[in-house]
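Encoded as structure tokens, the structure appears first; notes follow it.
The figures that follow rest on heavy atoms only: side chains count, while hydrogens, waters and symmetry mates do not. Sequential numbering from 1 along the given sequence is applied to the chain's residues.
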Amino acid sequence: MATITHRSFLNLTAFKSFTAETRRRYERRKLGAKSSVNCSQTLEGSAQTVAVSNGKDSLEICRVLNGMWQTSGGWGRIDRDAAVEAMLRYADAGLTTFDMADHYGPAEDLYGIFINRIRRERPELLESVRGLTKWVPPPVKMTSSYVRESINISRKRMDVSSLDMLQFHWWDYSNPGYLDALKHLTDLKEEDYFSKWCVGKIKTVALTNFDTERLQIILENDIPVVSNQVQHSIVDMRPQQKMSELCKLTGVKLITYGTVMGGLLSEKFLDTNLMIPFAGPPLNTPSLQKYKRMVDAWGGWSLFQVLLQTLKRVASKHGVSIPTVAVKYILDQPAVAGSMIGVRLGLSEHLQDTNAIFSLVLDEEDVNSIQEVSKKGKDLLRIIGDCGDEYRRA
């Protein structure tokens, strides 16, 4: 294995643009030099799919992903059979990409049951169904055997020979073991590549909640990540400040979560006053509580109501819902390949609203009205830090 270097290529406090040397390096890669990075989108027709790629690695996913955090507890009891039936309905509706993690309760196990149902009952969907998972390891030494054993657990739970995408998370940047882990993951991706099946234990390697500085370090170490999953909504526009420039330069794409803020960006919370006890809908899920704190940091509930009212006017104009507008606005942002919508499998569904995202076109008036309110909020980059810093600051 090549020696791993841990060099800091960015001064984020004074970040304006990337060095000419770095820019030239990536421009050469775009012209076909060593391990070229090229992410392309399939935006014809319904604009429903996108291909994220890096060199020879490529994966086509649905631009709206089914987020399975809600299976981890706190949103209501998940019935296994009802959950799998719901997953089949999502797949039948064309929403064929499922996002999960090793720590999302039974999410990977549910996917394993689901994909077996697909194999038996809907083999025609096998080519389009995707299972994206995350690995969130403890800060132990990242040896080849440890990484392999950890990934094998997800493969077994999901009942797949090769993971479509492994999204890697790391808690502590002061521990450079994340580079070791990613090198080993790359080895697993390339393992058996030249066998008759031409596939390793992982098809694509990606990141989750990495900041701009570390993403560039990873790319400079020739680790072929295809995407970075980050929090991104009309309230949280941090990814469009530093991260998007690096993505534009290198071709890495963003997959976003928190895009409807756990349901806060919906008609349910329009014209409500949470300052009055029991006057508004309860914040009774982990995601609602999490994103309410984000609203407080951004500008407070009164300004958030102005945003909801603006989104409602845009939604009514197009005959759609507030969440539909909220997701479409983020999908239209630079470098965004796909956006997550949490699914409460077997408890509630919003298939019609979700599919409406693909046909919605926001015009200049819509975009300007949303931007006008969004910019009235505080700069979360200054308050929280770059992408993922909310998980690393005390």
Side-chain angles (χ1 to χ4, degrees), residues 48-49 51-52 57-73 75-136 147-167 185 188-189 191-193 195-206 208 229 255 338 340-351 354-355:
Q48 189 163 341
T49 62
V52 291
D57 303 335
S58 183
L59 186 72
E60 187 171 283
I61 62 174
C62 185
R63 295 204 74 200
V64 176
L65 298 88
N66 306 314
M68 295 178 66
W69 181 29
Q70 284 81 349
T71 66
S72 61
W75 286 265
R77 180 181 175 273
I78 295 292
D79 178 83
R80 186 192 69 177
D81 294 336
V84 173
E85 289 293 339
M87 293 173 76
L88 291 168
R89 288 193 293 273
Y90 277 96
D92 287 337
L95 301 168
T96 53
T97 301
F98 296 83
D99 179 271
M100 64 211 86
D102 59 349
H103 62 290
Y104 286 3
E108 291 184 335
D109 303 299
L110 290 172
Y111 184 84
I113 300 170
F114 158 76
I115 198 65
N116 270 302
R117 290 280 301 275
I118 290 289
R119 289 168 183 147
R120 295 194 309 269
E121 302 170 17
R122 293 162 174 80
E124 71 279 2
L125 293 180
L126 269 176
E127 290 300 313
S128 57
V129 169
R130 298 286 182 265
L132 285 52
T133 194
K134 305 179 193 74
W135 181 40
V136 186
V147 173
R148 178 186 297 271
E149 290 168 5
S150 299
I151 298 313
N152 281 342
I153 292 172
S154 289
R155 291 172 58 230
K156 182 177 180 180
R157 292 179 67 190
M158 296 173 67
D159 200 9
V160 293
S161 59
S162 180
L163 300 175
D164 289 324
M165 179 185 288
L166 191 285
Q167 300 165 104
L185 289 172
L188 289 176
K189 177 186 66 64
E191 187 173 275
D192 299 329
Y193 185 80
S195 72
K196 67 185 259 188
W197 299 113
C198 294
V199 66
K201 291 180 171 56
I202 301 169
K203 295 177 184 175
T204 54
V205 174
T208 182
Q229 187 175 137
I255 295 175
M340 204 86 58
I341 297 181
V343 290
R344 301 180 67 178
L345 299 172
L347 300 175
S348 62
E349 291 181 8
H350 305 283
L351 292 174
T354 302
N355 266 321

On a heavy-atom basis, which atom in [X] and which in [Y] lie closest, and how many Å separate them?
| X | Y | result |
| --- | --- | --- |
| Thr204 | Lys189 | CA-CD, 4.3 Å |
| Thr71 | Ala107 | OG1-CB, 3.4 Å |
| Lys203 | Ser162 | CG-OG, 3.2 Å |
| Ala93 | Leu351 | CB-CD2, 4.3 Å |

Taking the side chain as every heavy atom from C-beta outward, state whether [X] and [Y] have any pair of such atoms under 4.5 Å apart.
| X | Y | result |
| --- | --- | --- |
| Lys201 | Asn152 | yes |
| Asp99 | Lys134 | yes |
| Leu126 | Ile115 | yes |
| Arg119 | Asp159 | yes |
| Ile255 | Ile61 | yes |

For Glu121, all residues meeting salt bridge (Lys or Arg N to Asp or Glu O under 4.0 Å), sequence neighbours excluded: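 Salt bridge (Lys or Arg N to Asp or Glu O under 4.0 Å) list for Glu121, sorted by chain: Arg117.
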Set of salt bridge (Lys or Arg N to Asp or Glu O under 4.0 Å) partners for Arg157, sequence neighbours left out: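 Per chain and number, Arg157 pairs via salt bridge (Lys or Arg N to Asp or Glu O under 4.0 Å) with Glu108, Asp109.
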Ring pair (Phe, Tyr, Trp, His ring centres under 6.0 Å) pairs, two or more places apart, involving residues 113-136: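 As it turns out, the ring pair (Phe, Tyr, Trp, His ring centres under 6.0 Å) pairs with a partner in residues 113-136, which skip direct neighbours, are Phe98-Phe114, Tyr111-Phe114, Trp135-Phe168.
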[X] side chain to [Y] main-chain N or O, any donor-acceptor pair under 3.5 Å?
| X | Y | value |
| --- | --- | --- |
| Gln167 | Gln229 | no |
| Thr96 | Ala91 | no |
| Asn66 | Leu95 | yes |
| Thr97 | Cys62 | yes |

Check against side-chain contact (heavy atoms from CB on, under 4.5 Å), Asp92 and Arg122: CA-CA 9 Å; Asp92 287 337; Arg122 293 162 174 80; 2.8 Å; yes
Give, for atom [atom1] of [X] and atom [atom2] of [Y], the distance between the pair rounded to the nearest 0.5 Å.
| X | Y | atom1 | atom2 | value |
| --- | --- | --- | --- | --- |
| Ile202 | Ile151 | CD1 | CD1 | 5.0 Å |
| Arg155 | Leu166 | CZ | CG | 11.0 Å |
| Leu185 | Leu188 | CG | CG | 6.0 Å |
| Ile113 | Glu85 | CD1 | CD | 11.5 Å |
| Leu110 | Asp81 | CG | CG | 10.0 Å |
| Glu60 | Thr49 | CD | OG1 | 4.0 Å |

Test log, rule side-chain contact (heavy atoms from CB on, under 4.5 Å), inputs Thr133 and Asp164: CA-CA 8 Å; Thr133 194; Asp164 289 324; over 6 Å; no
side-chain contact (heavy atoms from CB on, under 4.5 Å) between His350 and Ile341, intermediate numbers included: CA-CA 10 Å; His350 305 283; Ile341 297 181; over 6 Å; no
